[in-house]
Amino acid sequence: MSTDVHAGRDGWLFLIGGSNKVTTLYDRQSRLLPDAKLHPWVKLIEARARRLQGMGIQYIHLNVPEKLTIYDHQLADPPIVDWRLSPAVRLQEMLQQSPDAHVWLDLVALLRLARDGEPIYFKTDTHWAAPGCLVAYHLICVRIGIAPEPELLSRNHQDHGAAMDLGMKLSPPVAEGFRIYDFTKNSVRTYANPIARYLDSATQNIAMHVGAHVAFRNDAASAANKKLLVFGDSYVLHSRTSLTGMLAETAKKVEFIWSSNLDWRYSSGHSRMWSSMNLPSGS
């Protein structure tokens, strides 16, 4: 068993180590992420909200929680973290006192409510499955005032089986069955930069991903007259198979840039058209 992986109940695997030393983040006094290091994040989100408001851009910030925060009831006894001390929960508590608290979307509460139904994260991977992604999608749609597509989980899909990121850390590797959707029906991808095209064909030993940039257009009458610019990571993806594909089926224009930062120059070039989203993964 890898020291980076915790084997929980019923085949659930959790990342507890790795480069981010995940379990140490659930500690207000930890050296890596005490509350004092979260306060600058509050100031950063406030500054982004005010700057984007001045540019005529609606801004939302959604943190994708670590699986430990949602499926803590599947941890082996005794629980190895207190989910209430996750960075996502602590940061939300700090932002509640801010005049810009409205830009923060609380995904933790909704995912914990949904966890007892269909699995919303993969058992042997750090990422969410399509039902979990759909929870975030609905929350985003409500906040930015657009109608969600009602039948995304009825779209074309393929069933696969493979060892994923946590399952690969075990010896022997542990595989899992999973479903991959193509959420796009009315939307088409109109642009993909070289990094995105590389990721389209790369299957293993991926050398790069940050900076991938794609754009989608949707001319269907049902598509909201919105242009969405999303800065995010592997929980959002550049492809038709995750949150970007869901949003592309919902709004006239959608762009995704794989980045933890906001590209101010690019955003300002289209300022009156954007709703801007920062969707980083975290704990």
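This is a predicted model, so every value here is computed, not measured.
Taking 4.0 Å as the cut-off between side-chain N and carboxylate O, Arg28 and Asp82 do not count as a salt-bridged pair.
Taking 4.5 Å as the limit, some side-chain heavy atom of His238 sits within range of a side-chain heavy atom of Arg189. Side-chain contact check for Trp83 versus Val108: some heavy-atom pair is nearer than 4.5 Å. Leu52 is listed as a side-chain neighbour of Leu262, based on a closest heavy-atom distance under 4.5 Å. Side-chain contact between Pro65 and Leu107: present, with at least one pair of heavy atoms (C-beta onward) separated by less than 4.5 Å. You'll find the side chain of Gln97 stays beyond 4.5 Å of the side chain of Val42, heavy atoms only.
Note that CG of Asp182 is 8.0 Å distant from OG1 of Thr241, once rounded to the nearest 0.5 Å. To the nearest 0.5 angstrom, Lys252 atom NZ is 6.5 Å from Asp219 atom CG. If you take CG on Asp27 and CG on Leu25, they are separated by 9.5 Å, rounding to the nearest 0.5 Å. Interatomic distance, NE2 of His61 versus CG of Leu44, reported as 8.0 Å (0.5 Å rounding). Residue His160 holds its NE2 atom at 10.5 Å from CZ of Arg179, rounded to the nearest 0.5 Å. The structure places CG of Leu243 at 9.0 Å from CG of Leu237, a figure rounded to the nearest 0.5 Å.
With hydrogens and angles ignored, the 3.5 Å screen pairs no side-chain donor or acceptor of Gln74 with any backbone N or O of Trp12. Checked by atom type and distance alone, the side chain of Lys67 pairs as donor or acceptor with a backbone atom of Leu13 at under 3.5 Å. Side-chain atoms of Arg240 do not come within 3.5 Å of backbone N or O of Gly245 as any donor-acceptor pair. In this structure a side-chain-to-backbone donor-acceptor pair under 3.5 Å is missing from His213 to Gly211. Using modelled atom types, one side-chain atom of His6 and one backbone atom of Ala76 make a donor-acceptor pair closer than 3.5 Å. With hydrogens and angles disregarded, no donor-acceptor distance shorter than 3.5 Å links the side chain of Asn186 to the backbone of Asn218. Under a 3.5 Å cut-off, the side chain of Asp263 and the backbone N or O of Arg265 do form a donor-acceptor pair.
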Can Leu91 and Asn63 be said to form a side-chain contact (heavy atoms from CB on, under 4.5 Å), step by step? CA-CA 10 Å; Leu91 186 54; Asn63 179 270; 5.9 Å; no
Decide side-chain contact (heavy atoms from CB on, under 4.5 Å) for Leu33 and Leu38; before the verdict, give the C-alpha distance in whole Å, the side-chain angles of both, and the deciding distance to 0.1 Å. CA-CA 7 Å; Leu33 197 62; Leu38 287 176; 4.1 Å; yes
Starting from the C-alpha separation in whole Å, work towards a yes-or-no answer on side-chain contact (heavy atoms from CB on, under 4.5 Å) for Phe183 and Leu153. CA-CA 8 Å; Phe183 293 113; Leu153 295 188; 4.1 Å; yes
Can you check salt bridge (Lys or Arg N to Asp or Glu O under 4.0 Å) on Arg115 and Asp72, steps first, answer last? CA-CA 10 Å; Arg115 70 184 185 180; Asp72 61 302; 2.9 Å; yes
Residues Tyr26, Glu66; criterion side chain to side chain donor-acceptor pair (under 3.5 Å); working and verdict: CA-CA 11 Å; Tyr26 293 73; Glu66 182 69 39; 5.8 Å; no
Could you walk me through whether Ile80 and Leu68 pass side-chain contact (heavy atoms from CB on, under 4.5 Å), step by step? CA-CA 9 Å; Ile80 57 175; Leu68 285 166; 4.3 Å; yes
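What you find for Thr190 and Arg217 is that their closest heavy atoms are CG2-NH1, 3.3 Å. Pairing each heavy atom of Thr69 with each of Ser86, the nearest pair is OG1-CB, 3.4 Å. The minimum heavy-atom distance linking His157 with Asp159 is given by the pair CD2-OD1, 4.3 Å. Contact between Thr124 and Gly11 at its shortest, heavy atoms only, is CG2-O, 4.3 Å. Across Pro173 and Ala163, no two heavy atoms sit closer than the pair CB-CB, 4.1 Å. Residues Pro40 and Ala36 approach most closely at CD-O, 3.2 Å, considering heavy atoms.
No more than 12 heavy atoms of other residues, nucleotides or ligands shown are found within 6.0 angstrom of CD on Gln158. Enclosure of atom CZ in Arg9 by more than 12 non-hydrogen atoms of other residues, nucleotides or ligands within 6.0 angstrom is indicated. Within a 6.0 Å sphere centred on CG of Asp200, other residues, nucleotides and ligands contribute more than 12 heavy atoms. More than 12 heavy atoms of other residues, nucleotides or ligands lie within 6.0 Å of CE in Met94, so this atom counts as buried by the packing criterion. No more than 12 heavy atoms of other residues, nucleotides or ligands lie within 6.0 Å of CG in Asn225, so this atom counts as exposed by the packing criterion.
Screening residues 48-57 for salt bridge (charged side-chain N to carboxylate O under 4.0 Å, His left out) gives Arg50-Asp100 as the qualifying pairs, with residues at least two apart or on separate chains. Legend: salt bridge (charged side-chain N to carboxylate O under 4.0 Å, His left out) pairs involving residues 116-137, not counting sequence neighbours: none detected. Judged as a salt bridge (charged side-chain N to carboxylate O under 4.0 Å, His left out), not a single pair has a partner in residues 201-211 (not counting sequence neighbours).
Note: the hydrophobic cluster containing Phe231 also contains Trp264 (ILVMFWY, side chain heavy atoms under 4.5 Å, direct or indirect links). Hydrophobic clustering (ILVMFWY, side-chain heavy atoms < 4.5 Å, transitive): Leu113 and Val89 are in distinct clusters. Cluster annotation: Val174 and Met168 are assigned to distinct hydrophobic clusters (Ile/Leu/Val/Met/Phe/Trp/Tyr, side-chain heavy-atom contacts under 4.5 Å, transitive). Residues Leu199 and Tyr191 do not share a hydrophobic cluster, clusters being chains of Ile/Leu/Val/Met/Phe/Trp/Tyr side chains in contact below 4.5 Å. Tracing side-chain contacts under 4.5 Å through hydrophobic residues (I, L, V, M, F, W, Y), one reaches Val210 starting from Tyr198; they form part of the same cluster.
Residue Ile180 shares its hydrophobic cluster (ILVMFWY side chains chained together at separations under 4.5 Å) with Phe122, Met164, Phe178.
When each of Leu105, Val103, Leu228 is paired with Ile60, the side-chain contact (heavy atoms from CB on, under 4.5 Å) condition holds for Leu105 and for no other. Just one residue in the list Trp128, Trp258, Phe256 forms a ring pair (Phe, Tyr, Trp, His ring centres under 6.0 Å) with Tyr235, and that residue is Trp128.
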Please output the side-chain donor-acceptor pairs of residues 130-148 that fall under 3.5 Å, not counting sequence neighbours, one pair per line with the distance.
from: Tyr137; atom 1: OH; to: Glu149; atom 2: N; distance (Å): 2.7
from: Tyr137; atom 1: OH; to: Thr250; atom 2: OG1; distance (Å): 2.6
from: Arg143; atom 1: NH1; to: His102; atom 2: O; distance (Å): 2.2

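Shown here are the side-chain hydrogen bond (donor to acceptor under 3.5 Å, both in side chains) partners of Ser187, two or more places apart in sequence or in another chain: Glu249.
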